[in-house]
Peer 1: 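Dropping a structure here in structure tokens format, bear with me for questions.
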Amino acid sequence: METPDGPWAWGVLAAVMLTQGLSLGFPSCIGIFYTDIQSSFQASNTETSWFPSIIMAVLHAGGPLCTIMVERFGCRATVMVGGLLCGVGMVTSSFSQTIIHLYLSAGLVGGLGLCFCFQAGITVLGYYFIRRRTLANSFASVGSSIGMALWPLASQHLLETMGWRGSFLLFGGVLLNCCVCGAIMRPVRTPEPAHEKEALAPEAPNGIKHKVEKTEKGKGFQRYMAFDLLFGHRRYQIYSIGVTWMFLGFVLPLFYLVPYATNNDIDETNAALLLSLVGFMNIFMRPVAGLVSQQKVFHGRLIYLFSVAVILNGLSNLVCAIWVSFPAFLTYCALYSITMSFIGSLIFQVLMDTVGMKRFPGAFGLFTILASITIMAGPPLAGLLVDITGQYGLVFYASSIAVTSSGLFMGLASFTVDRREAKARRCSQRPTEATDKKDNGGTIYSPCKQEDFVL
């Protein structure tokens, strides 16, 4: 059995990077096949949009099932089963006769396989890395960036030579490599309690330890779906609602950028290069995001760095919506990829810091279930908007509104909680005789209210 922060941890990190590239890179290239799949099945934009929507939703909603698999069989077996499901789903999808068959094969079966590979990989990193967990998550996310850069280029080439069916058949064989990555993920010793206490109670900028009594134990169903945290942990509530809200618009550009570009007379090859540009910039920016987030100035403030990145990501969509030209698309991809790098590097680290590793699997399971709701709803709603108006640009306006507002919510709500914690701390530390005041009748009044102590 391996030890955390040991030499084998870096081999596991490399395996997780490859797994991320395979499992998260593939959904980013679906936009390349969007028009061909639509023509092949004579489907509307709404019907075609359900395909990437189902893949992304199952990839996230399978969290609780993945958690059960990890606890029963370990991360190694879970990733290997995921790779097998991916291969079977994609090979089967290449023989689809209706778009419903595509939903079930690549969407449901393939999406569940992607879920197992992706989420089990994220979980195993949390156990293999303690001191450098943020940096490890950032480097792991580089894998998805490499996938985002290479999948669109490979997809465009394969589409021109083999069609979408032949491409999906080949993708099935490629995704089977996740089984090899899973074999590298040996069991690891559970971190020492001292580390867990540190993770469970991250210190805020004002010196107050966050409320942790409801994150220390998870029994029964709560181990897989942490509803107790959703209803009793203020910071988990804010983060879960904010990220769920964000995903309503965050994934839309990945699916609609290529159709939007080709609809505005941009060559299909150049349109595919736009997605690759996002991926290539992520390769270099995600490690930078990880290093920035480890600076002392952001200790206990990662939620604010994350919120700013979300706000800027949402605003970047306005560039693409207002200014329609190839230089505008290039500018948009640069801005989108920089902010996306910070979001991808921090999204799981903020969750780990919020609830700690003991509750992370259950918190992660519920977190992904909630996110899957808006991930599934977003693309079909955007497709309906395009069917009604015939304008892809409105999708980017809608994405901007959803993402920007979610970032504002997370930032302001977290600031409110920090202010309340700071006030509660000041009230608890002041001596009664120094803080209490008497009126003329001798009644004692305290400047601190009872609700100031409720976090």
Side-chain angles (χ1 to χ4, degrees), residues 23-31 33-34 37-38 41 43-67 82 85-86 89-90 93 96 98-119 122 144 224-225 227 230 239-257 259 310 313-314 317 340 343-344 347 351 364-388 392 394-396 398-403 405-406:
S23 60
L24 294 186
F26 169 69
S28 68
C29 76
I30 294 177
F33 302 99
Y34 187 93
I37 291 174
Q38 185 178 23
F41 296 112
S44 65
N45 281 291
T46 305
E47 292 172 330
T48 308
S49 297
W50 276 108
F51 171 49
S53 177
I54 291 172
I55 288 182
M56 293 297 293
V58 174
L59 192 156
H60 289 80
L65 181 57
C66 181
T67 300
L85 289 175
C86 288
M90 294 307 301
S93 69
S96 298
T98 68
I99 199 166
I100 301 297
H101 295 161
L102 192 64
Y103 294 162
L104 296 176
S105 54
L108 185 59
V109 178
L112 188 61
L114 296 175
C115 169
F116 285 178
C117 295
F118 161 59
Q119 297 193 22
I122 290 295
S144 63
Y224 312 115
M225 296 280 283
F227 282 104
L230 184 63
Y239 192 58
S240 297
I241 294 172
V243 173
T244 299
W245 189 349
M246 177 193 77
F247 273 120
L248 185 63
F250 181 67
V251 299
L252 297 183
L254 299 177
F255 301 143
Y256 285 95
L257 180 59
V310 172
N313 182 271
N317 288 292
M340 182 185 184
I343 294 173
I347 187 169
L351 181 61
F364 188 44
L366 181 58
F367 180 80
T368 53
I369 283 284
L370 295 174
S372 69
I373 297 173
T374 48
I375 288 174
M376 176 172 281
L381 288 175
L384 180 62
L385 183 63
V386 174
D387 283 336
I388 294 174
Y392 285 98
L394 294 179
V395 173
F396 291 84
S399 177
S400 179
I401 293 172
V403 176
S405 58
S406 69

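Please read all numbers here as calculations on a predicted model, not as lab measurements. All values below come from the heavy atoms of this structure, side chains included, with hydrogens, waters and symmetry mates left out. Numbering starts at 1 and runs along the sequence shown.
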Peer 1: With the side chain counted from C-beta on, respond yes when Pro379 and Leu252 share a heavy-atom pair under 4.5 Å apart, and no when they do not.
Peer 2: yes
Peer 1: Do Leu366 and Ser240 have side chains that approach each other closer than 4.5 Å (heavy atoms only, starting at C-beta)?
Peer 2: no
Peer 1: Looking at every heavy atom in both Ala57 and Ser372, which two are closest together, and how far apart are they?
Peer 2: O-CB, 3.2 Å
Peer 1: How close do Ala61 and Ile369 get, heavy atom to heavy atom, and via which atoms?
Peer 2: O-CD1, 3.0 Å
Peer 1: Tell me, with the steps shown, if Ser96 and Phe41 meet side chain to side chain contact (heavy atoms under 4.5 Å, CB included).
Peer 2: CA-CA 10 Å; Ser96 298; Phe41 296 112; 4.2 Å; yes
Peer 1: Do you know the tightest heavy-atom contact between Ile375 and Met56?
Peer 2: CG2-CB, 3.2 Å
Peer 1: Taking the side chain as every heavy atom from C-beta outward, state whether Leu254 and Pro27 have any pair of such atoms under 4.5 Å apart.
Peer 2: no
Peer 1: Once you round to the nearest 0.5 Å, how far does CG of Leu59 lie from OG of Ser23?
Peer 2: 6.5 Å
Peer 1: How long is the gap from CH2 on Trp50 to CD1 on Ile100, to the nearest 0.5 Å?
Peer 2: 10.5 Å
Peer 1: Determine yes or no for a side-chain-to-main-chain donor-acceptor pair under 3.5 angstrom, with Ser405 supplying the side chain and Ile401 the backbone.
Peer 2: yes
Peer 1: Show which side-chain atoms of residues 106-118 pair as donor or acceptor with protein atoms under 3.5 Å away, not counting sequence neighbours.
Peer 2:
none

Peer 1: Starting at CD1 of Ile122, measure out to SG of Cys66 and round the result to the nearest 0.5 Å.
Peer 2: 10.5 Å
Peer 1: Can you check whether Leu370 reaches Leu230 side chain to side chain, under 4.5 Å on heavy atoms?
Peer 2: yes
Peer 1: How far does CD1 of Ile388 sit from CG of Asn45, to the nearest 0.5 angstrom?
Peer 2: 11.0 Å
Peer 1: Considering all heavy atoms of both residues, which atom of Ala371 and which atom of Thr244 are nearest to each other, and what is their separation?
Peer 2: N-OG1, 3.7 Å
Peer 1: Can you list the residues that meet the ring pair (Phe, Tyr, Trp, His ring centres under 6.0 Å) rule with Phe255, with sequence neighbours excluded?
Peer 2: none
Peer 1: Starting from the C-alpha separation in whole Å, work towards a yes-or-no answer on side chain to side chain contact (heavy atoms under 4.5 Å, CB included) for Ile373 and Phe247.
Peer 2: CA-CA 9 Å; Ile373 297 173; Phe247 273 120; over 6 Å; no
Peer 1: How about Phe396 and Tyr256: are their ring centres within less than 6.0 Å of each other?
Peer 2: no
Peer 1: How long is the span from the CD1 atom in Ile99 to the OG atom in Ser44, to the nearest 0.5 Å?
Peer 2: 8.0 Å
Peer 1: Rounded to the nearest 0.5 Å, how far apart are CE of Met376 and CD1 of Ile55?
Peer 2: 11.0 Å
Peer 1: For a quick test of reading the model, state the closest non-hydrogen atom pair linking Ser399 to Asn317 and the distance between them.
Peer 2: OG-ND2, 3.4 Å
Peer 1: Please give me the minimum heavy-atom distance between Met340 and Asn313, naming the atom from each residue.
Peer 2: N-ND2, 3.9 Å
Peer 1: For residues Ile347 and Phe367, determine if any side-chain heavy atom of one lies less than 4.5 Å from a side-chain heavy atom of the other.
Peer 2: yes
Peer 1: Under a 4.5 Å cut-off applied to non-hydrogen side-chain atoms, are Cys86 and Phe26 in contact?
Peer 2: no
Peer 1: Could you check if a side-chain atom of Tyr103 sits within less than 4.5 angstrom of a side-chain atom of Glu47, using non-hydrogen atoms only?
Peer 2: yes
